[in-house]
Amino acid sequence: MNARIGVLLMAYGTPRSLDEVEAYYTHIRHGRKPTPELLSDLLRRYQAIGGVSPLNEITRAEAQALQRQLDADGKVQAQVYLGYKHTQPFLADVTARMVDDGIRDAVALVLAPHYSRLSVETYLQEVERAAADTPLTVHAIRSWHLHPGFIQLLSVRVSEALAKTEHPESAVVIFSAHSLPKRVLEWADPYPDQLRQTGEAVAKRLHLKQPVYAWQSAGRTQDEWLGPDILEVLRQLAQSGTREVIICPAGFVSEHLEILYDIDIECQQLADKLGIRLVRTAALNDDPAFIRVLADLVCKRWFEAGRSEG
Ligand code: FEC
């Protein structure tokens, strides 16, 4: 019988209450406390979406559904563990728990489809660091932005959104992802190209006219961030006469602050002002078809590692 492997499912994590926001923000800022202005602006955004983000709850549902899917498929014997980058349970602690549980191989999967040295790689570095000098081998999945099941799911989401427009033939589809500091371009980071490849694959499947790419949710730092920013893109589209826009936040899989505030409130308010009808595609969350994509990624990575006896 195969030994049970670990599956480390990783997500950003969110504060569990407004009281936790300062510690969370300090963690995101690598230990530097936010200024009172930055903190109150972030508190304001959480308050605007009801006080807490649903991210942890959705991620937990995804992890539980993945466990059930892997058990049902029976291709690998796996124990799913869930770790967060910026809140408990932290990645290093979960990695240590896997070691204590006797896990010797783990597939590590970040719930973000596009790879950057500043995003996915920072999760993996933490896991690798915690696994060093232990018997645990980590088999990392670095990106999955062109997985056929993922492209299919986004295509369905975009068609459903287009069906809500009055003139789907002239509606513009924007694919967005979290912005990153512009310095990623200095080392030819694949992140911007991978977002474009995801968008092109969906556009090809749906025979969309020229899709548009935009970056959202840039951090409040001194860095220059990747652009064009999504708010700027909406302004430009309005100027050139666009009246209906779909936003497909392809860089995210779950609903959270960056979708519920940055798109549903901030972009929506701007779109209203500009006279644009905006429809946001539904998040993948724990849609069973998405969970099958995750299970497929895990199995493929494990078989690729050449360790399975099955
Ligand atoms: O729902 C929630 O509570 C959490 C939503 C959330 C997600 C998310 C995803 C990504 N981030 C990425 C990079 C950065 C960089 C900085 C940064 C800052 C923030 C802040 C909040 C926040 N992020 Fe985030 N991010 C989420 C939330 N993020 C809150 C702090 C306030 C603000 O700037 O709005 C800048 C750090 C710094 O200040 O030095 C860089 C990337 C992703 C997508 C990949 C992933 O999910 O890991 C990249 C969800």
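In listed order, ligands and their atoms are each counted from 1. When reading the values below, keep in mind they use all heavy atoms of this one structure, side chains included, and skip hydrogens, waters and symmetry mates.
Both the backbone and the side chain of His256 come within 4.0 Å of ligand 1, judged by heavy-atom distances. At a heavy-atom distance under 4.0 Å, atoms from both the backbone and the side chain of Leu257 approach ligand 1. Of all the heavy atoms of Val110, none lies under 4.0 Å from any atom of ligand 1, so neither backbone nor side chain is involved. Contacts of Lys85 with ligand 1, taken as heavy-atom pairs under 4.0 Å, are absent altogether.
Distances below 4.0 Å separate heavy atoms of Thr221 from the following atoms of ligand 1: 37 (C), 38 (O), 39 (O). Proximity to Leu42 (heavy-atom distance under 4.0 Å) selects the following atoms of ligand 1: 29 (C). Remark: ligand 1 atoms within the under-4.0 Å shell around heavy atoms of Tyr24 are 3 (O), 4 (C), 27 (C). Distances below 4.0 Å separate heavy atoms of Thr14 from the following atoms of ligand 1: 1 (O), 2 (C), 3 (O). Residue Leu180 approaches ligand 1 through these ligand atoms, each under 4.0 Å from one of its heavy atoms: 48 (C). Of all atoms in ligand 1, numbered sequentially from 1 with element shown, those under 4.0 Å from a heavy atom of Gly219 are 33 (O).
Using cut-offs of 30° and 60° for the angle between ring planes, the His114 and Tyr191 rings count as perpendicular. Below 30°, between 30° and 60°, or above 60°: for Phe290 and Trp144 the angle between ring planes is between 30° and 60°, a tilted geometry.
Side-chain polar atoms of Asp73 and Gln69 form a donor-acceptor pair below 3.5 angstrom.
Among all non-hydrogen protein atoms, the one lying nearest atom 5 (C) of ligand 1 is Glu258 CG, 3.8 Å. Nearest protein heavy-atom neighbour of atom 34 (O) of ligand 1: Arg45 NH1, 3.0 Å. For atom 44 (C) of ligand 1, the closest non-hydrogen atom on the protein side is Ala112 CB, 4.0 Å. Among all non-hydrogen protein atoms, the one lying nearest atom 30 (C) of ligand 1 is Tyr25 CE2, 3.2 Å. Of the protein's non-hydrogen atoms, the one nearest atom 18 (C) of ligand 1 is Ile28 CG2, 3.6 Å.
Between Ala108 and Leu124 the shortest heavy-atom distance is CB-CD2, 3.9 Å. Listed here is the closest heavy atom pair of Ala250 and Leu195: CB-CD1, 4.1 Å. Of all the heavy atoms in Ser217 and His178, the pair that sits closest is O-CE1, 3.2 Å. The nearest pair of heavy atoms linking Thr122 to Arg117 is CG2-O, 3.4 Å.
Checked against the 6.0 Å centroid criterion, the rings of Tyr12 and His86 qualify as a close aromatic pair.
Evaluation of the side chain to side chain donor-acceptor pair (under 3.5 Å) test over residues 46-63, restricted to residues two or more places apart or in two chains, returns Glu62-Ser254. Within the structure, every pair that satisfies the side chain to side chain donor-acceptor pair (under 3.5 Å) test and touches residues 154-177, not counting sequence neighbours, is listed here: Arg157-Asp287, Glu166-Arg277, Ser176-Gln216.
In the displayed structure, Asp133 atom CG is contacted under 6.0 Å by at most 12 heavy atoms of other residues, nucleotides or ligands.
Within the structure, ligand 1 has Trp225 among the residues with a heavy atom less than 4.0 angstrom away. In this structure, His114 has no heavy atom closer than 4.0 Å to ligand 1.
Below 3.5 Å of separation, one finds no N or O of Ala218 facing any N or O of ligand 1. In terms of N/O distances under 3.5 Å, ligand 1 is approached by Ser53. An N or O contact shorter than 3.5 Å links His178 to ligand 1 by distance. In terms of polar-atom proximity, defined here as any N/O pair under 3.5 Å, Ser119 makes no such contact with ligand 1. Between His30 and ligand 1, no N or O atom pair is found at a separation short of 3.5 Å. Where the criterion is an N or O separation shorter than 3.5 Å, residue side chain and backbone included, Arg29 fails it with respect to ligand 1. Considering backbone and side-chain atoms alike, Tyr123 places an N or O below 3.5 Å from some N or O of ligand 1.
Taking 2.8 Å as the criterion, Tyr12 counts as a coordinating residue of atom 24 (Fe) of ligand 1, since one of its N, O or S atoms falls below it.
A donor-acceptor contact shorter than 3.5 Å links the side chain of Ser116 to the backbone of Leu118. Checked by atom type and distance alone, the side chain of Ser179 pairs as donor or acceptor with a backbone atom of Leu226 at under 3.5 Å.
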Does the pair Arg235 and Glu232 meet the rule for a salt bridge (Lys or Arg N to Asp or Glu O under 4.0 Å), with working shown? CA-CA 5 Å; Arg235 285 188 199 100; Glu232 194 43 44; 3.1 Å; yes
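With respect to the salt-bridge test (charged N to carboxylate O, under 4.0 angstrom), the residues Asp296 and Arg292 do not qualify.
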